[in-house]
Number of protein chains: 2
Amino acid sequence: MSSTLSMAFEGVLCGRPAAQVLEEIERFHGFPAPGVVVGAFMVDWAQEHIGSGAEADAIVETLRCLPDAVQLFTPCTLGNGWMRVLDWDRFALTLYDRNSRWGCRVWLNVSKTAAYPAIHNWFLKRVPKQALPLESLLESIFEARRAVLSARPVIVTDFLRRPKKESVGICPGCGEAFDPKAGDSCKGCLHGAYFKDDLG
Amino acid sequence: MSSTLSMAFEGVLCGRPAAQVLEEIERFHGFPAPGVVVGAFMVDWAQEHIGSGAEADAIVETLRCLPDAVQLFTPCTLGNGWMRVLDWDRFALTLYDRNSRWGCRVWLNVSKTAAYPAIHNWFLKRVPKQALPLESLLESIFEARRAVLSARPVIVTDFLRRPKKESVGICPGCGEAFDPKAGDSCKGCLHGAYFKDDLG
């Protein structure tokens, strides 16, 4: 991303200058993807709702883009178990207090995007990518900010933090370590391998 | 993590000083988790196998720790779609060339850990956490390096990059955008919500 682009965005987002948000997204995600930038506004709003004092866990409802915004701008990552990701293809996330289970769900609201044609056309895939230059789409996202989002307070009832692993077994199939709660064999041996040996 | 700790680890790992690897892990993951540090050595070895020129995708076989090593030390993240994660609870990862599908699978080899009691006891949960001070476990990991790992060349046959979304529909259940390939309703409405409204 050109520095000209990042210079154009002012204000504070997720506790840092907006230009820094774009740089962090580019470094981690590969480029300043619109979905991750919208995600930063979503995280920012959810954080404001639940307050900075809460020890928050995250639930993300899509694999696309949004998990990276959560991982960059909250302490929650996939590997530390504080972020759970549902492959539901809904552009929504929830941050919630892991003790009280009270939190805030934020989503990109399709009906609100009507006022922002670039966002509307990008989100609903109404025009080909080439017809939507990244810079003008980002400008539209920074113009809209929360105006294309909705948020509401929720109590989380499911998909709470993943259970701690209690013991480790050795799979009789592959000889690798696994969680014996899976059954007699590890899930890899139960599901079948995704690879074959390269004997070439 | 104290700077004393990070100063103690020398050498280059994943293309940067080892101390920086520990700092990046702490910043992203919350602390220098042994699983992410082992993961850095796994990524390092897999990268060496496939070569720096390859456009590599990643498959990780556990949700625990390892996805964060991949996201930190390769260009692959969950949100950009270059990393796929299988909830198989095997401490293994594959980096592969997305064009040729040729790659390298690296795993923490239980039988090799016997020579490194701290790693062995941590990985197999043989002693309580309090009996395994983080610093001595990390020292053991840096002493062992690749000696507790195995690697082999593979051809990836499944779980290749996730498909591109082709169109976007509006779910009649929740009114949110979704991928019509899921069916008549979005997967959220099909699966049931994980939250209830906070009416308090």
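Just so it is clear: chains get the letters A, B, ... in the order the sequence lines come, proteins before strands, and each one is counted from 1.
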Interface moiety of Cys189(A) toward chain B, non-hydrogen atoms closer than 4.5 Å:
both

Largest heavy-atom contact set with chain A, pairs under 4.5 Å, which of Arg101(B), Glu166(B), Lys196(B):
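Maximum pair count with chain A is reached by Lys196(B).
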
Rounded to the nearest 0.5 Å, what separates atom NE2 in His29(A) from atom CH2 in Trp82(B)?
9.0 Å

Which atoms of Leu190(A) approach chain B - backbone, side chain, both or neither, heavy atom under 4.5 Å:
neither

Same hydrophobic cluster for Val127(B) and Leu108(B), using side-chain heavy-atom links shorter than 4.5 Å among ILVMFWY?
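Linked within one cluster.
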
In terms of heavy-atom proximity below 4.5 Å to chain B, should Leu66(A) be classed as side chain, backbone, both, or neither?
neither

Of the backbone (N, CA, C, O) and the side chain (C-beta and beyond), which part of Ala33(A) lies under 4.5 Å from a heavy atom of chain B, both, or neither?
neither

Does a side-chain N-to-carboxylate-O contact under 4.0 Å join Lys187(B) and Asp89(A)?
no

When you group the ILVMFWY residues by side-chain heavy-atom contacts below 4.5 Å and let the links chain together, are Ile170(B) and Phe91(A) in the same group?
yes

Arg126(B), part contacting chain A, at a heavy-atom distance under 4.5 Å:
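No part of Arg126(B) comes within 4.5 Å of chain A.
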
Taking Phe178(A) as the starting point, is it possible to reach Trp122(B) by hopping between hydrophobic residues whose side chains are less than 4.5 Å apart?
no

Under 4.5 Å to a heavy atom of chain B? For Ala69(A) that would be neither

Please flag which part of Val85(A) lies under 4.5 Å from any non-hydrogen atom of chain B: side chain, backbone, both or neither.
side chain

Less than 4.5 Å apart, side chain to side chain, heavy atoms only: is that true for Phe195(A) and Arg152(B)?
yes

Is Arg64(A) in contact with chain B via its backbone, its side chain, both, or neither, using a 4.5 Å heavy-atom distance?
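Both parts, heavy atoms under 4.5 Å.
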
Student check: side-chain heavy atoms of Arg90(B) and Cys174(A) closer than 4.5 Å
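Heavy-atom side-chain distance check passes, below 4.5 Å.
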
Distance from Asp197(A) atom CG to Ile155(B) atom CD1, nearest 0.5 Å?
9.5 Å

For Leu199(A), is it the side chain, the backbone, both or neither that has a heavy atom under 4.5 Å from a heavy atom of chain B?
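Interface part for Leu199(A): neither.
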
Top residue by heavy-atom pair count (under 4.5 Å) with chain B, among Leu72(A), Val156(A), Leu78(A)?
Leu78(A)

Under 3.5 Å: donor-acceptor pair, side chain of Asp198(B), backbone of Val154(A)
no

Answer with yes or no whether the hydrophobic clustering places Ile59(A) together with Met42(A); edges join I, L, V, M, F, W, Y residues whose side-chain heavy atoms lie under 4.5 Å apart.
no

Please evaluate residues Arg27(B) and Glu24(A) with respect to the criterion salt bridge (Lys or Arg N to Asp or Glu O under 4.0 Å), reporting the C-alpha separation (whole Å), side-chain torsions for both, the decisive distance (0.1 Å), and the verdict.
CA-CA 13 Å; Arg27(B) 197 178 318 125; Glu24(A) 289 182 48; over 6 Å; no

Mind checking whether Tyr194(A) and Trp88(B) have parallel, tilted or perpendicular rings, split at 30° and 60°?
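Ring orientation of Tyr194(A) relative to Trp88(B): tilted.
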
Part of Arg162(A) lying under 4.5 Å from any heavy atom of chain B
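Side chain of Arg162(A) only, per the 4.5 Å heavy-atom cut-off to chain B.
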
Interface moiety of Phe28(B) toward chain A, non-hydrogen atoms closer than 4.5 Å:
both

Heavy atoms from other residues, nucleotides or ligands near CG of Asp184(B) exceed 12 (cutoff 6.0 Å):
no

Chain B contact via Ser111(A) - which portion, at a heavy-atom distance below 4.5 Å:
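Nothing of Ser111(A), per the 4.5 Å heavy-atom cut-off to chain B.
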
Is Thr94(B) in contact with chain A via its backbone, its side chain, both, or neither, using a 4.5 Å heavy-atom distance?
both

Side chain, backbone, both or neither: which part of Asn109(A) has an atom under 4.5 Å from a heavy atom of chain B?
neither

Out of Trp107(B), Phe31(B), Tyr96(B), which one racks up the most heavy-atom pairs below 4.5 Å with chain A?
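Highest number of heavy-atom pairs under 4.5 Å: Trp107(B).
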
Are the charged groups of Arg105(A) and Glu176(B) less than 4.0 angstrom apart, N to O?
yes

Please name the pair of heavy atoms, one in Ala177(A) and one in Leu124(B), separated by the smallest distance, quoted to 0.1 Å.
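So the minimum-distance heavy-atom pair works out to CB-CD2, 4.5 Å.
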
Contact part of Phe123(A) toward chain B, heavy-atom cut-off under 4.5 Å: side chain, backbone, both or neither?
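Backbone plus side chain of Phe123(A), per the 4.5 Å heavy-atom cut-off to chain B.
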
Would you give the length of the straight line joining atom OG1 of Thr77(A) to atom CG of Leu63(B), rounded to the nearest 0.5 angstrom?
10.5 Å

Between CD on residue Gln71(B) and CG on residue Asp68(A), distance to nearest 0.5 Å
6.0 Å

I want to check something: taking the side chain as every heavy atom from C-beta on, are Val168(A) and Val110(B) in contact at a cut-off of under 4.5 Å?
no

Decide whether Leu86(B) and Leu160(B) are clustered together by the hydrophobic rule: side chain heavy atoms of Ile, Leu, Val, Met, Phe, Trp, Tyr closer than 4.5 Å, transitively.
yes

